[in-house]
Q: 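Once you've had a glance at the structure underneath, I'll fire off some questions.
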Amino acid sequence: MRFPCLPARLLSGGLVLIGVGLSAACSDTGAAHGRATTLPPGATFIQRPSVPPLYPDHRLGFPYGTYVMARPLSERGPRTGRTYALDTPLQRHALALAEALGFGDEPIGFGGDPWTVVRGQARLQIWPHSGGRWSYTRQRQTGGEAPYDSGERRALALARPILRAAGLDSAPARFEGGQVVVEPRIEGHPTWGWETRVQLDGHGVHTAAGWLGPARGGAERPLLDAGQALIRLRQEAARTPSSGRLCPAAYGSATPPCVMRNPSPLVTGARFAYALDWADGHQPRLVPAWLFTRQGTDEPVAFPA
């Protein structure tokens with residue numbers, strides 16, 4: 001079967017800092033984009049993307065407020081680094097992923113965004129212009145079954161063809177909560193937000209999601225160590241925004257803003273990683289960053305290195 005090929009295009013844009021781990025629904029407490037507004041202490045406005053390909057589950061950014069060091073930060077990362085754009089995947093890689101997920105000879109709709117292949121209730125979608133982000137679901141009534149744990153050996157065996165098709169056959173995989181998780185590394189360093197997950201049930205692969213687009217490195221630049229980055233973070237976070245214009249440009253102006261608060265200001269440590277960031281609300285990229293840990297929460301605050 002022959003499939004039409006479309007020219008690849010990439011969206012471009014500068015680094016946009018947006019709130020980490022934000023999943024709260026929007027409220028009507030703020031003003032529309034571009035109008036003056038008053039913010040409560042320790043809060044900032046964050047808006048949803050106008051047309052998100054998939055809602056970003058990790059974002060590089062920070063909530064406004066005060067950050068206090070619990071101890072001096074001596075952690076050091078690499079002296080130089082680069083931002084990695086996540087490019088459009090090749091169609092043959094999409095075909096390989098579809099085959100690994102059991103779609104066989106079903107045709108893939110390469111004419112749209114996302115690329116889509118369907119068999120019965122199962123569906124695979126690949127967003128080619130958003131770093132090859134992909135999502136698989138096998139819709140099936142569970143009848144209220146408890147979460148299924150297939151065991152590590154079976155889970156890894158079922159996930160291996162999928163990981164191989166996604167180019168992750170050599171990346172370390174771990175088994176947790178009935179799913180296989182792979183977090184690729186960049187230049188030997190961990191990544192944050194770029195993971196692939198394969199969830200299993202008693203019938204095999206139930207849901208899965210990951211990334212198919214290759215990472216393309218840009219120009220190398222000097223990086224900040226953890227202490228320097230925290231100083232910058234404290235300076236930026238101390239500024240009190242007075243206008244909706246300070247909302248990230250990647251987020252659409254048609255929806256009301258959300259208020260995001262800083263639940264824990266006490267910084268207890270830091271680790272270096274290449275963090276997922278969404279430029280223009282569409283184009284994901286991996287940015288050298290410091291992930292600051294805080295007392296009382298597992299959610300780090302990400303800030304560019």
Q: Between Gly210 and Thr196, what is the shortest heavy-atom contact and its length?
A: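 Closest heavy-atom pair between Gly210 and Thr196: CA-OG1, 3.4 Å.
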Q: Using side-chain heavy atoms (C-beta onward) and a distance below 4.5 Å, is Leu124 in contact with Phe103?
A: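 The answer is yes, as the side chains (C-beta and beyond) meet within the 4.5 Å cut-off.
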Q: Distance-only, no hydrogens or angles: does the Gln283 side chain make a donor-acceptor pair with backbone N or O of Leu86 under 3.5 Å?
A: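 Yes.
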Q: Verify the neighbour count for atom CZ of Arg123: are there more than 12 heavy atoms of other residues, nucleotides or ligands below 6.0 Å?
A: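 It does not: Arg123 CZ has 12 such atoms or fewer within range.
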Q: Whether Arg133 engages the ring of Trp127 as a cation-pi pair (distance to the six-membered ring centre under 6.0 angstrom, angle to the ring normal within 45°) should be assessed.
A: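 No, Arg133 does not sit over the ring of Trp127.
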Q: Does the side chain of Phe292 reach to within under 4.5 Å of the side chain of Leu233, using non-hydrogen atoms?
A: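 Phe292 vs Leu233: side chains touch.
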Q: Using side-chain heavy atoms (C-beta onward) and a distance below 4.5 Å, is Val117 in contact with Phe110?
A: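 No. Closest side-chain heavy atoms not under 4.5 Å.
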Q: Checking Gln228 side chain against Asp225 main chain: does a donor-acceptor pair fall under 3.5 Å?
A: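 Such a contact is found between Gln228 side chain and Asp225 backbone.
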Q: With a 6.0 Å cut-off (strictly less than), is the heavy-atom count around CZ of Arg71, excluding the residue itself, greater than 12?
A: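 Yes, enclosed.
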Q: Side chains of Leu101 and Ile162: does their closest heavy-atom pair fall under 4.5 Å?
A: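 A side-chain contact exists here, since the closest heavy-atom pair is under 4.5 Å.
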Q: Look up atom OG1 in Thr191 and atom OH in Tyr84, then write down how far apart they are to the nearest 0.5 Å.
A: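 Rounded to the nearest 0.5 Å, the OG1-OH separation comes to 12.0 Å.
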Q: Hey, does Pro89 have a side-chain heavy atom less than 4.5 Å from the side chain of Trp115?
A: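 Of all side-chain heavy-atom pairs linking Pro89 with Trp115, at least one is under 4.5 Å.
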Q: So do the side chains of Val301 and Leu291 get within less than 4.5 Å of each other, counting heavy atoms only?
A: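 SC-SC contact between Val301 and Leu291 ruled out.
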Q: Nearest 0.5 Å, what's the OG1-NE2 distance between Thr137 and His206?
A: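 It comes to 8.0 Å.
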Q: Short question: side chain of Arg197, backbone of Ala208 - any donor-acceptor pair under 3.5 Å?
A: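 No.
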Q: Which heavy atom of Ile108 sits nearest to which heavy atom of Ala98, and what is that distance?
A: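 In terms of heavy atoms, the two residues are closest at CD1-CB, 3.8 Å.
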Q: Atom CG in Leu163, atom CG in Leu158: separation rounded to 0.5 Å?
A: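 Going from the CG atom of Leu163 to the CG atom of Leu158 covers 11.0 Å.
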Q: Say you draw a straight line from OH of Tyr67 to CG of Leu266; how long is it, rounded to the nearest 0.5 Å?
A: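 Tyr67 OH to Leu266 CG: 12.0 Å, rounded to 0.5 Å.
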Q: Side chains of Thr293 and Thr268: is there a donor and an acceptor less than 3.5 Å apart?
A: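 Short answer, yes.
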Q: Measure from the side-chain N and O atoms of Arg294 to the backbone N and O of Thr297, and report whether any donor-acceptor pair falls under 3.5 Å.
A: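 A pair under 3.5 Å: no.
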Q: Looking only at non-hydrogen atoms, find the nearest pair between Ser130 and Pro284 and report the distance.
A: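 Looks like O-CG, 3.4 Å.
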Q: Just verifying a value: how many Å separate Ile126 CD1 and Gln91 CD, rounded to the nearest 0.5 Å?
A: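 Spacing of CD1 (Ile126) from CD (Gln91) equals 9.5 Å.
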Q: Would you check if Pro190 and Tyr274 make a side-chain contact, meaning some heavy-atom pair closer than 4.5 Å?
A: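 The answer is no; the side chains never approach within 4.5 Å.
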Q: Just checking Glu75: does its CD atom have more than 12 heavy atoms from other residues, nucleotides or ligands closer to it than 6.0 angstrom?
A: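 It does: Glu75 CD has more than 12 such atoms within range.
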Q: For the residue pair His189 and Phe272, does the interplanar ring angle fall in the parallel (under 30°), tilted (30 to 60°) or perpendicular (over 60°) class?
A: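 Geometry flag for Phe272 against His189: perpendicular rings.
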Q: Going by atom types alone, do Ser135 and Gln125 pair a side-chain donor with an acceptor below 3.5 Å?
A: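 No donor-acceptor contact under 3.5 Å links the two side chains.
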Q: Same hydrophobic cluster for Trp211 and Leu90, using side-chain heavy-atom links shorter than 4.5 Å among ILVMFWY?
A: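 No, because Trp211 and Leu90 fall into different hydrophobic clusters, even though each may have its own neighbours under 4.5 Å.
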Q: So how far is it from Phe175 CZ to Leu200 CG, rounded to the nearest 0.5 Å?
A: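 Phe175 atom CZ to Leu200 atom CG measures 7.0 Å (nearest 0.5 Å).
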Q: Please determine whether a side-chain nitrogen of the Lys or Arg among Asp277 and Arg285 lies less than 4.0 Å from a carboxylate oxygen of the Asp or Glu.
A: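 No salt bridge links Asp277 with Arg285.
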Q: Is any side-chain heavy atom of Leu168 closer than 4.5 Å to a side-chain heavy atom of Arg164?
A: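 No - every pair of side-chain heavy atoms lies 4.5 Å or more apart.
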Q: Report yes or no: do Val205 and Val181 belong to one cluster of Ile/Leu/Val/Met/Phe/Trp/Tyr joined by side chain heavy-atom distances under 4.5 Å?
A: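 Not linked; separate clusters.
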Q: When you check the gap from the basic side-chain N to the acidic O, do Asp201 and Arg138 get nearer than 4.0 Å?
A: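 Looking at Arg138 together with Asp201, the answer is yes, because their closest N to O distance falls below 4.0 Å.
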Q: Do the side chains of Leu224 and Met69 join up, straight or via other hydrophobic residues, at under 4.5 Å, putting them in one cluster?
A: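 Hydrophobic grouping puts Leu224 apart from Met69.
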Q: Does atom CZ (Arg232) have a neighbourhood of more than 12 heavy atoms from anything else shown, all under 6.0 Å?
A: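 No, because the 6.0 Å sphere around CZ of Arg232 holds 12 heavy atoms or fewer from other groups.
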Q: Where is the tightest heavy-atom contact between Val182 and Ala173, given as atom of each residue plus distance?
A: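 Looks like CG2-CB, 3.6 Å.
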Q: side-chain contact (heavy atoms from CB on, under 4.5 Å) between Leu230 and Trp290: does it pass, once the steps are laid out?
A: CA-CA 9 Å; Leu230 182 59; Trp290 285 99; over 6 Å; no
Q: Considering all heavy atoms of both residues, which atom of Trp194 and which atom of Gly213 are nearest to each other, and what is their separation?
A: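 Heavy-atom minimum between the residues: CZ2-O, 4.4 Å.
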Q: Should Glu195 and Arg174 count as an ion pair when the cut-off is N to O under 4.0 Å?
A: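 No, no charged N to carboxylate O under 4.0 Å.
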Q: Looking only at heavy atoms, which two atoms of Pro128 and Pro114 are closest? And how far apart?
A: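 Closest pair (atom of Pro128, atom of Pro114, distance): CD-CA, 4.2 Å.
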